[in-house]
Amino acid sequence: MTTLAEWRSRAASLKLRNGLYIDGRFRDAAKGGRFETVNPANAQVLTDVARATAEDIDAAVASARRAFNDGRWSGKSPAERKEVLLKLAALIRENVPELALLDTLDMGKPISDSTTIDAPGSAHFFQWHAEAIDKLYDEIAPAGAGNLAMIRRVPLGVIGAVVPWNFPLDMATWKLAPALATGNSVVLKPAEQSPLSALMLAELASEAGLPDGVLNVVPGFGEDAGRALGLHPDVDALVFTGSTKVGKMFMGYAADSNMKQVWLETGGKSPNLVFADADLDQAAQMAAFGILFNSGEVCSANSRLLVHRSVQEAFTEKLIAATAAWPMGDPLDPATRMGPLVEKTHADRVAAYIETGRNEARLVHGGERKTRDGSDCYIGATIFNDVAPDARIAKEEIFGPVLAVTPFDTDEEALTIANSSEYGLAASVWTKDISRALTVSDKLHVGTVSVNTVDALSAMTPFGGVKQSGFGRDLSIHSFDKYCALKTVWVKY
Ligand code: NAD
């Protein structure tokens with residue numbers, strides 16, 4: 001296993017790409033602007049990155065449009081596109097340590113996660129979508145003799161993709177893999193906190209044989225680069241993962257410009273329902289995972305724990321014990337399971353929620369903010385018990401390692417509390433009673449229910465939400481729907 005000292009030495013010599021990637025090459029921003037990207041583990045500047053503004057977005061969209069219109073990628077057969085994307089998956093696998101290191105340095109996730117989950121996950125998702133694309137058949141409608149009515153799936157054109165910082169490489173991949181597999185061109189705007197892995201990915205895509213202009217990566221800020229992409233008249237669809245507030249802005253941008261399709265994956269406040277008959281030990285281990293993995297910076301984090309009152313105290317004790325398996329520390333240390341939060345302003349926000357929680361409920365574990373290596377972005381596992389369902393910490397997305405525990409007395413009450421959220425991304429259910437598990441699953445108003453596990457996820461199954469968690473689905477065969485139009489061609493004969 002690579003040691004902390006070895007990771008530090010690799011980090012010191014790591015190549016950091018910091019230009020805009022347009023038309024197959026790195027370049028400066030038209031206005032020459034740059035912004036610093038900071039390592040939240042030690043508050044040190046990693047590099048300064050070219051900062052895209054509207055002029056650069058115009059250039060990137062024009063490049064993507066040229067590439068789409070001349071067919072250099074859109075005109076290739078699915079099998080040809082598959083070959084390139086499989087090559088990209090292989091290149092990602094060869095470069096797992098570098099890609100993982102870029103995400104860890106940029107946003108603080110533990111290297112033990114970025115090397116085993118994020119970077120290999122990116123390779124897997126590209127491979128899965130590549131392998132699927134030449135196995136999807138078009139349709140012929142039963143239009144009767146003398147008619148041939150073909151229903152064909154065609155790429156939309158230029159896709160704008162705007163992604164967050166919590167899984168920088170994987171969120172980009174979830175959009176790029178199906179968008180590119182279906183023959184579109186893409187302009188990707190990574191989050192300003194974490195642009196580095198997407199820039200390396202673009203370079204690897206070119207090395208794999210993706211023609212110039214098909215994938216453009218434009219780091220920059222939301223209010224200028226993101227907004228310009230959202231308002232651009234020549235973008236056919238905008239796919240977004242991020243906060244509900246910004247997701248709504250994209251619907252406005254589409255309405256104010258060319259009515260581009262907008263697909264949103266937004267916030268969550270996912271409930272984890274623990275019934276009295278559950279395997280409480282297993283449920284406690286996984287409940288800890290559900291709120292502490294990626295320091296709780298997960299859209300589908302199980303941030304509300306609803307537990308049957310008869311086991312409330314016993315379960316909470318087990319849960320507190322389970323947090324011991326989540327040491328916080330230097331994200332480059334392979335033993336670390338929780339790194340710093342992404343940036344100071346976000347840590348301030350999470351700390352403010354903890355202060356709110358102290359007035360709303362009973363703090364039973366954690367709640368402290370720590371400083372190490374010059375960074376005060378470290379917040380450990382924090383658990384509030386006896387949280388009223390309408391408390392702010394039970395309703396609002398905190399996006400940190402802060403869990404709200406609420407007791408319930410009946411299955412109906414558990415469901416009412418679980419569903420009383422503006423969000424509907426995911427939920428977990430713990431019970432040994434299969435009938436209860438399925439009945440409760442039926443009634444949970446969410447995109448994914450995990451029974452006797454938390455946050456189940458795979459390339460094979462759709463991921464996304466209902467209500468203000470968004471619409472449309474990433475992953476699985478269904479993800480292709482966002483990137484294609486159905487085109488009908490009638491032939492009379
Ligand atoms: P964010 O909404 O602040 O930023 C996301 C992206 O939008 C970034 O690239 C940002 O630059 C851009 N952006 C910000 N303001 C903009 C504006 N005015 N116009 C255009 N673009 C703008 O979200 P974040 O803080 O980066 O990420 C955390 C959020 O993402 C959480 O709410 C989380 O639940 C959500 N998320 C959802 C999913 C999902 O699949 N549902 C997955 C991961 C994260």
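Note that ligands are numbered from 1 as they come in the structure, with each ligand's atoms numbered from 1 the same way. What you are looking at is a predicted structure, and each value in this text was computed from that prediction instead of being measured.
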For [atom], what is the closest protein heavy atom, and at what distance to 0.1 Å?
atom	result
atom 10 (C) of ligand 1	Glu192 OE1, 3.6 Å
atom 13 (N) of ligand 1	Gly222 CA, 3.4 Å
atom 32 (O) of ligand 1	Glu397 OE1, 2.6 Å
atom 35 (C) of ligand 1	Gly242 O, 3.1 Å
atom 42 (C) of ligand 1	Cys299 SG, 2.9 Å
atom 2 (O) of ligand 1	Ser243 OG, 2.6 Å
atom 8 (C) of ligand 1	Val163 O, 3.4 Å
atom 12 (C) of ligand 1	Val162 CG1, 3.7 Å

(Q) Just by distance, no angles: are the side chains of His129 and Ser479 close enough, under 3.5 Å, to form a donor-acceptor pair? (A)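 Per modelled atom types, His129 and Ser479 side chains form a pair under 3.5 Å.
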(Q) Side chains of Ser450 and Asp455 only: does a donor on one sit below 3.5 Å from an acceptor on the other? (A)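 No, Asp455 and Ser450 have no side-chain donor paired with an acceptor closer than 3.5 Å.
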Q | Identified ring-ring contact (aromatic ring centres under 6.0 Å, His included) counterpart of Phe240 within the set Trp263, Phe250, Phe471 | A |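 Going through Trp263, Phe250, Phe471 one by one, the ring-ring contact (aromatic ring centres under 6.0 Å, His included) with Phe240 is satisfied by Phe250 alone.
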**Q.** Tyr253 backbone acceptor or donor facing Asp256 side chain under 3.5 Å
**A.**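 Not confirmed, Asp256 side chain does not pair with Tyr253 backbone.
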Run the salt-bridge test on [X] and [Y] with the 4.0 Å N-O cut-off and return the result as yes or no.
X	Y	value
Lys189	Asp224	no
Asp390	Lys395	no
Arg65	Asp234	yes
Asp481	Arg473	no
Arg34	Asp28	yes
Arg66	Asp23	yes
Arg17	Glu203	yes

Q.
Below 4.0 angstrom, counting only protein heavy atoms, does anything approach atom 4 (O) of ligand 1?
A.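 No; the ligand atom in question lacks any protein heavy-atom contact below 4.0 Å.
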**Q.** Phe463 heavy atom under 4.0 Å from ligand 1
**A.**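 The answer is yes, since Phe463 has a heavy atom less than 4.0 Å from ligand 1.
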At under 4.0 Å between heavy atoms, which part of [X] makes contact with ligand 1: side chain, backbone, both or neither?
X	result
Asn166	side chain
Phe167	neither
Lys245	neither
Thr266	backbone

Q: To the nearest 0.5 angstrom, please state how far the CG atom of Asp474 sits from the CH2 atom of Trp174.
A: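 It is 6.0 Å, given to the nearest 0.5 Å.
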If I apply the N/O under 3.5 Å rule, does [X] come out as touching ligand 1?
X	result
Tyr253	yes
Trp165	yes
Trp174	no
Pro164	no
Thr241	no

Q | Proximal ligand 1 atoms for Phe240, defined as those under 4.0 Å from one of its heavy atoms | A | 2 (O), 5 (C), 6 (C), 7 (O)
(Q) So if I count the atoms of ligand 1 from 1 in the order they appear, which ones are less than 4.0 Å from some heavy atom of Phe250? (A)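 Heavy-atom distances to Phe250 below 4.0 Å select 20 (C), 21 (N).
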Q: Sort out for me which residue in Ile398, Thr382, Asn359 forms a side-chain contact (heavy atoms from CB on, under 4.5 Å) with Ile393.
A: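 Exactly one candidate clears the test, Ile398.
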